[in-house]
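Note that this is a predicted model, so its numbers are computed, not measured.
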Amino acid sequence: MSERVPASPRAPARVRTVGMGALTAVTEQPRLAGPLSASVADLCRRLRPQVGARTAAGFDEVLRRLASPLQVAVAGRIKSGKSTLVNALIGRRVAPTAVGECTRLVTRFRYGTVDRVEVVRTDGSTQVLPFSSDGMIPESLGVELDTVSHVEVYLTNAILQGMTVIDTPGLGSLDAASARRTEELLAGGETGSDGAGGDDGVGPGTGELDETSRNAVAGAEAVLYVVTQHVRADDQQALAAFTAATANAEAGPVNAIAVLNKADTVVPDSVDGAGGDVWKAASLLAERQATALRPRVADVLPVVGLLAESAESGGFTSADAESLRLLAGLADEDLETMMMSADIFTAWECDVPAGTRARLLERLDLYGIRRCVDAIRRQPDITAGALRRVVLDASGLEAVRSRLDTVFAARADGIKAAAALASVTALADSSNDPVERSRVHDAIEVLLARPEAHQLRMLEALTLVVSGAVEMPRDLTDEILRVGSNADTGERLGMPGAGAAELTEHALERAGWWRSFASFGATPAQGRVAHVVHRTYFLIWQQLRGSGTQGG
Ligand SMILES: Nc1nc2c(ncn2[C@@H]2O[C@H](COP(=O)(O)OP(=O)(O)OP(=O)(O)O)[C@@H](O)[C@H]2O)c(=O)[nH]1
Ligand SMILES: [Mg+2]
């Protein structure tokens with residue numbers, strides 16, 4: 001029997017870094033993403049006794065969402081490799097790829113203390129399903145698809161403590177029913193069977209909410225957008241339609257990340273300047289797509305989801321490593337011929353059984369096989385574990401993870417709070433009681449004047465700059481991105497590891513610089529952004545000084 005090659009010994013470390021450090025730290029106790037989310041939650045709790053039943057039910061829903069991890073939807077065209085990437089990110093092959101009913105349903109993966117799969121019907125009723133024998137969501141759900149809203153999967157995987165991952169059927173898919181289900185879920189047409197995993201515990205579900213309120217309070221908060229090399233002109237539209245449907249009205253580069261998946265299938269010669277290198281070609285293509293997709297996303301990262309999934313979810317076994325060793329031992333001419341195409345690879349006569357080759361192809365495709373064979377030839381005694389690492393490195397997944405971590409984790413507080421505030425505003429606006437309306441609006445005004453609300457303005461500034469709506473010199477853009485995209489103060493100031501005194505001085509210096517830039521060096525639009533950046537540095541300085549005096 002072939003053994004899966006464990007991701008350890010680095011697995012625990014990964015869980016810690018990928019577990020969205022900033023998020024997991026704060027998800028322990030009140031499980032809120034940060035100070036602004038806490039303020040919004042406080043607002044809801046304070047006002048709740050003073051508003052009508054309908055608004056109160058809406059507030060409960062907002063509270064429930066604030067207390068849950070960032071909802072990240074994986075979206076993209078049909079068969080772009082969304083489920084494969086979801087499996088890679090979760091570190092478990094649980095989402096069916098290629099076939100099965102589930103590829104036509106929205107599936108939400110969230111943290112739970114016990115692994116379980118639950119079908120949620122449109123009438124709100126749920127049904128627990130067994131995992132299939134290989135640990136996946138069953139291919140056939142055994143229920144009438146028309147009656148299904150979506151599937152909830154609770155898993156004990158640590159990364160889900162930091163974010164909930166929503167796998168979606170392809171946008172723009174020909175199947176109208178799946179497209180509708182996706183749109184409904186992403187726009188918040190449902191909110192699921194809450195508390196089923198025993199981990200929410202804040203108020204009831206949304207039974208008492210009417211359609212408008214439900215739409216206002218639910219929905220995905222961030223997007224991992226999956227494209228392949230064939231980005232069509234209307235992909236931009238698909239993304240725009242998607243972001244319009246997310247709960248955050250300001251959806252854009254702040255809460256959307258894009259990957260160019262199946263980077264292994266890019267033909268190097270099809271891209272000028274790639275010099276025959278697949279990864280280089282994919283990177284160049286990704287850069288071009290970033291231009292095409294702007295202002296919706298900041299950039300596009302190349303990735304090979306298939307390799308990422310094989311490396312991270314146990315698909316790559318010690319038996320695979322042995323088969324690859326056999327392949328590496330073949331004569332060059334044989335190997336080169338076989339590597340010409342998948343068909344030849346399996347049909348060619350050689351000592352490695354055809355079935356074994358087919359399995360390698362399925363797990364690694366030709367690109368991964370090539371990378372492994374090269375690695376074995378360079379270092380014949382390479383271990384199966386090290387070979388798995390080669391596969392992971394070739395996948396580009398670490399870059400995607402680190403982006404998810406810096407971008408989404410650092411911004412989760414602002415993203416969640418903005419979505420919550422939008423919901424609270426919408427709930428108040430649709431109230432028939434003018435007193436209630438102005439009470440809620442006044443409370444929001446007060447909240448927006450608090451220092452922690454400044455990050456909302458910073459997210460807006462980021463959107464303006466990253467989308468190109470406000471042009472900035474490259475170095476200033478980079479600085480704004482840095483100070484607005486990291487959770488760690490040292491990283492934000494571009495001085496990781498520096499001491500408090502140095503950081504304090506630097507924050508003050510940059511605050512002063514941005515203020516004079518706002519007054520003297522900038523266009524009016526740049527000036528508005530510069531004021532926001534100035535205040536960001538000022539707040540960092542204040543915070544550093546505060547913690548300095550406490551410490552000393
Ligand atoms: N060569 C290659 N194949 C991939 C890669 N990622 C996914 N695939 C394959 O592409 C096919 C579709 O992958 P899925 O993950 O099911 O794609 P999906 O976007 O979830 O598909 P739908 O849910 O049906 O829209 C599967 O056969 C995967 O093995 C990749 O990076 N490289
Ligand atoms: Mg899928």
Side-chain angles (χ1 to χ4, degrees), residues 30 32-68 70-71 187-189 191 202-222 243-252 254-255 411-464 469 484 528-529 531-532 535-536 539:
L32 293 169
L36 185 55
S37 297
S39 297
V40 179
D42 187 52
L43 178 150
C44 289
R45 276 191 293 263
R46 260 187 307 112
L47 291 184
R48 197 184 179 286
Q50 304 168 36
V51 296
R54 187 186 147 279
T55 309
F59 281 6
D60 288 343
E61 180 59 18
V62 170
L63 282 167
R64 191 191 60 78
R65 280 185 67 91
L66 276 171
S68 63
L70 191 70
Q71 309 266 317
T191 50
V202 187
T206 49
E208 304 126 87
L209 284 184
D210 59 49
E211 182 85 20
T212 336
S213 328
R214 245 203 305 267
N215 286 346
V217 292
E221 295 158 330
T243 47
T246 55
N248 185 349
E250 301 294 335
V254 156
N255 60 352
R411 295 178 189 158
D413 188 28
I415 294 172
K416 289 195 78 78
L421 279 174
S423 303
V424 170
T425 307
L427 285 163
D429 287 347
S430 60
S431 160
N432 296 324
D433 177 358
V435 179
E436 178 177 312
R437 269 206 302 274
S438 62
R439 189 176 280 147
V440 175
H441 282 143
D442 290 351
I444 291 177
E445 283 306 310
V446 172
L447 185 144
L448 288 177
R450 296 172 62 94
E452 64 266 26
H454 178 70
Q455 58 179 298
L456 294 178
R457 259 150 264 153
M458 191 59 194
L459 289 181
E460 274 165 26
L462 267 177
T463 307
L464 291 173
R528 282 190 290 278
V529 170
H531 272 298
V532 174
R535 183 148 176 81
T536 299
L539 289 169

Do any N or O atoms from the side chain of Arg54 and from the backbone of Ser431 form a donor-acceptor pair under 3.5 angstrom? no
Specify the closest pair of heavy atoms between Cys44 and Val62, including all atoms of both residues, with the distance to one decimal. SG-CG1, 3.9 Å
Minimum heavy-atom distance between Leu43 and Val424, given as atom pair plus value: CD2-CG1, 4.2 Å
Hey, could you give me the CD/OG distance between Glu61 and Ser423, rounded to the nearest 0.5 Å? 8.5 Å
Please check: side-chain N/O of Gln71 versus main-chain N/O of Glu221, any donor-acceptor pairing under 3.5 Å? no
Side-chain ion pair, Arg439 and Glu436, N-O less than 4.0 Å: no
Quick check for you: to the nearest 0.5 Å, what is the distance between His531 atom NE2 and Arg457 atom CZ? 13.5 Å
Considering all heavy atoms of both residues, which atom of Leu47 and which atom of Ala443 are nearest to each other, and what is their separation? CD1-CB, 3.8 Å
Is the shortest side-chain heavy-atom distance between Leu462 and Arg411 below 4.5 Å? yes
Check salt bridge (charged side-chain N to carboxylate O under 4.0 Å, His left out) between Arg45 and all other residues, then give those that pass, not counting sequence neighbours. none
Only pairs at least two apart or in different chains count here, so list each salt bridge (Lys or Arg N to Asp or Glu O under 4.0 Å) that has a residue in residues 420-432. none
Using every non-hydrogen atom in the two residues, find where Ala412 and Ala33 come nearest and quote the distance to one decimal. C-CB, 3.9 Å
Backbone N or O of Pro35 within a donor-acceptor pair of the Ser39 side chain at under 3.5 Å? yes
CD1 (Ile415) and CG (Leu70) are apart, to the nearest 0.5 Å, by 5.5 Å
From Thr55 atom OG1 to Asp433 atom CG, the distance as rounded to the nearest 0.5 Å: 8.0 Å
Rounded to the nearest 0.5 Å, what's the gap from NE2 on His441 to CG on Leu448? Could you check? 10.5 Å
For Ala420 and Val40, which heavy atoms make the closest approach, and how far apart are they? CB-CG1, 3.8 Å
With sequence neighbours excluded, what pairs up with Arg528 under the salt bridge (charged side-chain N to carboxylate O under 4.0 Å, His left out) test? none
Let's go through Thr536 and His454 carefully: what are the C-alpha distance in whole Å and the side-chain angles of both, what is the deciding distance for side-chain contact (heavy atoms from CB on, under 4.5 Å) to 0.1 Å, and is it a yes or a no? CA-CA 7 Å; Thr536 299; His454 178 70; 2.8 Å; yes
Would you check if Asp60 and Arg48 make a side-chain contact, meaning some heavy-atom pair closer than 4.5 Å? yes
State, with a plain yes or no, whether a side-chain heavy atom of Leu427 is found less than 4.5 Å away from one of Val440. no
Tell me if a side-chain donor or acceptor on Gln455 pairs with a main-chain N or O of Gly414 at a distance below 3.5 Å. yes
At their closest point, which heavy atom of Ala418 faces which heavy atom of Leu456, and how far apart are they? CB-CD2, 3.7 Å
Asp42 side, atom CG; Leu36 side, atom CG - distance, nearest 0.5 Å: 11.5 Å
Within 6.0 Å of CZ in Arg450, more than 12 heavy atoms from elsewhere: no
